[in-house]
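What follows is a set of notes on a single structure, which appears directly below.
We count ligands from 1, going down the list as the structure has it; atoms in each ligand are counted the same way. Keep in mind that this is a model prediction, so the values were computed, not measured.
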Amino acid sequence: MKVLILAAGLGKRMKSKYPKVVHKILGKPMINWVVDLGKKFGEVGVVVGHKAEIVKSYLPQDVKTYLQEPQLGTGHAVMCAKQFITAGDDILILYGDVPLLKPETIEKLAQTHARAKADVTVLTFIADDPTGYGRIVRNGEKIKIVEHKDANEEQLKIKEVNSGIYVFSGKFLLENLDKLSNNNAQGEYYLTDLVEMASKVETVLLDDPVQVSGVNDRVQLAQLESVAKERILKELMLSGVTVVDPASTFVGPDVKIGIDTIIHPFTILEGNITIGEDCEIGPYTRIKDSTIGNNVKIMRSEVEGAIIENNVSVGPFARLREGTVLKEKVKIGNFVETKKSVIGKNSKAQHLTYLGDATIGEDVNIGAGTITCNYDGYKKYPTSIGDGAFIGSNSSLVAPVKIGKGAIVGAGSVITEDVPDDALALGRARQVIKENWAKMKREAMENANHKE
Ligand code: UD1
Ligand code: CA
């Protein structure tokens with residue numbers, strides 16, 4: 001099967017500078033929900049039109065795009081992708097603004113289509129309020145779809161409507177697409193007119209219409225977000241993950257979580273994430289595109305583009321940025337920021353630290369207030385810290401610089417030169433003591449006051 005996604009429409013009611021289909025649900029653009037669904041079934045093509053360049057920038061490399069300009073209706077959209085259609089394949093039509101269709105529904109549609117050797121199989125549903133939808137008009141075996149604006153009084157009463165999702169035989173499409181006309185109430189080329197031209201039409205009635213709900217405005221966007229969220233959290237809970245407060249938890253569709261992991265309230269998990277077993281995530285935590293092992297604790301923190309191994313603890317109030325790798329048993333504490341840094345097994349940075357472009361060995365202790373000065377205003381430079389080193393509090397490590405294995409850096413040092421293994425480095429002003437100085441100052445001030 002091949003999958004053709006229609007995404008050329010305008011989406012006026014979104015009141016947006018951006019095309020409708022790039023608006024996100026649970027952190028994932030709508031069009032990518034549909035593309036990923038389509039990819040489960042075969043090669044994917046997308047018809048783009050309105051703000052085509054922006055939509056294209058969201059699509060993976062292996063998806064073909066077809067430009068529809070101007071947009072003259074759903075039938076015209078498919079005509080624009082004629083090169084994508086092959087006589088030997090079935091063509092599944094999806095909409096870029098209908099993100100919550102389930103793979104099971106497509107399977108059922110495709111099976112019904114194949115079994116009946118149909119020209120077209122239409123996914124339909126019963127609408128409480130069918131306004132705006134194409135009506136499924138049955139006359140014995142004959143089926144046609146009549147658009148709302150073209151329907152007569154009798155047809156308007158029909159509650160079975162067209163979802164806009166179909167499987168077509170490629171051969172039937174190629175032979176009949178050019179026969180479509182725009183001689184109708186909207187002056188559009190209706191894809192739905194093909195149904196009347198077909199000699200074998202099947203329908204599959206969907207009993208869960210939310211799957212084919214489209215997004216036309218931001219109210220519907222939020223409604224579908226809440227449906228998607230409930231669906232994903234339910235699946236996670238039934239698979240062995242504890243979600244303490246589903247209402248305040250947001251988990252995207254590409255997140256995998258192991259059993260006995262607990263997700264605390266106010267947690268947002270976006271993008272591609274794998275989390276192992278027995279972890280505690282949250283409260284108040286946002287994680288994006290990261291891989292997390294087993295028995296990891298992340299509290300009140302921001303994590304993006306990080307790889308975190310087993311038994312690590314992070315936070316509260318940590319920020320792990322792109323390229324952070326935390327090996328086993330690392331401890332990252334409050335107000336610690338890391339970027340493009342690998343931190344070795346058992347090492348700790350517990351307080352008020354910035355580690356950027358750093359490679360840190362095992363069993364290293366990074367004291368409170370340590371900063372890797374990795375940027376001179378022009379370029380970034382690396383810092384490396386050997387196994388077992390101890391960095392005293394409030395030290396500045398001016399990169400590029402190497403701290404040897406087992407070395408100690410005295411608190412408050414500014415380190416500008418490499419430190420050999422097992423050495424002590426002090427880079428600070430020597431302390432001066434002036435005996436009784438404070439007392440003499442006090443007395444002098446008091447005498448001056450008496451004279452006034
Ligand atoms: C269409 C169906 C209608 C069905 C309804 C379900 C037709 C003629 N009518 O209605 O029977 O009940 O969907 O929602 O097909 N698009 C393009 N290019 C165009 C026009 C539309 O790519 O020129 C895309 C839109 O971006 C959207 C989808 O096709 O993703 C459906 O378009 P929309 O205008 O919402 O559907 P209708 O034509 O109103
Ligand atoms: Ca329309």
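Here's the thing with Leu6: one of its N/O atoms is less than 3.5 angstrom from an N/O atom of ligand 1. Residue-to-ligand polar distances keep Gly164 apart from ligand 1: every N/O pair is separated by 3.5 Å or more. Remark: ligand 1 and Glu188 share no N or O pair separated by less than 3.5 Å (distance only, no angle test).
When the heavy-atom distances from atom 32 (O) of ligand 1 to Thr74, Leu10, Leu4 are ranked, the shortest goes to Thr74. Heavy-atom proximity to atom 20 (C) of ligand 1, evaluated over Gly73, Pro19, Gly9, is greatest for Gly73. If you check each of Asn184, Asn162, Thr124 against atom 12 (O) of ligand 1, the one with the closest non-hydrogen atom is Asn162. Nearest residue to atom 13 (O) of ligand 1 from Tyr133, Tyr166, Tyr95, Tyr189 is Tyr95 (criterion: closest heavy atom).
The aromatic rings of Phe125 and Tyr133 sit perpendicular, their planes meeting at an angle over 60°, well past the 30° parallel limit.
Below 4.0 Å from some heavy atom of Ala8 lie the following atoms of ligand 1, by number and element: 17 (C), 18 (N), 22 (O), 26 (O). Within the listing of ligand 1, atoms 23 (O) sit less than 4.0 angstrom from a heavy atom of Leu72. For ligand 1, the atoms sitting less than 4.0 Å from at least one non-hydrogen atom of Glu147 are 2 (C), 3 (C), 7 (C), 8 (C), 9 (N), 10 (O), 11 (O), numbered in the order shown with element in parentheses. Of all atoms in ligand 1, numbered sequentially from 1 with element shown, those under 4.0 Å from a heavy atom of Tyr190 are 8 (C). Here is the list of ligand 1 atoms found below 4.0 Å of a heavy atom in Gly134: 3 (C), 4 (C), 11 (O), 12 (O).
A distance of 13.0 Å separates OG1 of Thr285 from NZ of Lys297, quoted to the nearest 0.5 Å.
Distances shorter than 4.0 angstrom do not occur between any heavy atom of Val47 and any atom of ligand 1. Note on ligand 1: Gly49 sits outside its first shell, no heavy atom being nearer than 4.0 Å. Within the structure, the closest approach of Ala7 to ligand 1 falls below 4.0 Å when heavy atoms are considered. Contact analysis puts Asp97 in contact with ligand 1, with a non-hydrogen atom separation below 4.0 angstrom.
When only modelled atom types and interatomic distance are considered, Tyr189 and Asp193 share no side-chain donor-acceptor pair under 3.5 Å. Residues Thr131 and Asp129 bring a donor and an acceptor atom of their side chains to less than 3.5 Å of each other. Asp150 and Tyr190 share a donor-acceptor pair across their side chains, judged by distance under 3.5 Å alone. When only modelled atom types and interatomic distance are considered, His264 and Glu280 share a side-chain donor-acceptor pair under 3.5 Å. Using a 3.5 Å distance cut-off with no hydrogens or angles, the side chains of Asn374 and Thr383 do not pair a donor with an acceptor. When only modelled atom types and interatomic distance are considered, Ser341 and Arg321 share no side-chain donor-acceptor pair under 3.5 Å.
Using a 4.0 Å cut-off between heavy atoms, His76 makes no contact with ligand 1 at all.
Crowding of Lys327 atom NZ: a count of heavy atoms from other residues, nucleotides or ligands under 6.0 Å not exceeding 12.
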Kindly indicate, with the supporting measurements, whether the criterion side chain to side chain donor-acceptor pair (under 3.5 Å) is fulfilled by Ser301 and Arg286.
CA-CA 6 Å; Ser301 291; Arg286 179 163 169 269; over 6 Å; no

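Shown are Val342, Ile403, Ile385; of these, the side chain to side chain contact (heavy atoms under 4.5 Å, CB included) with Ile360 is made only by Ile385.
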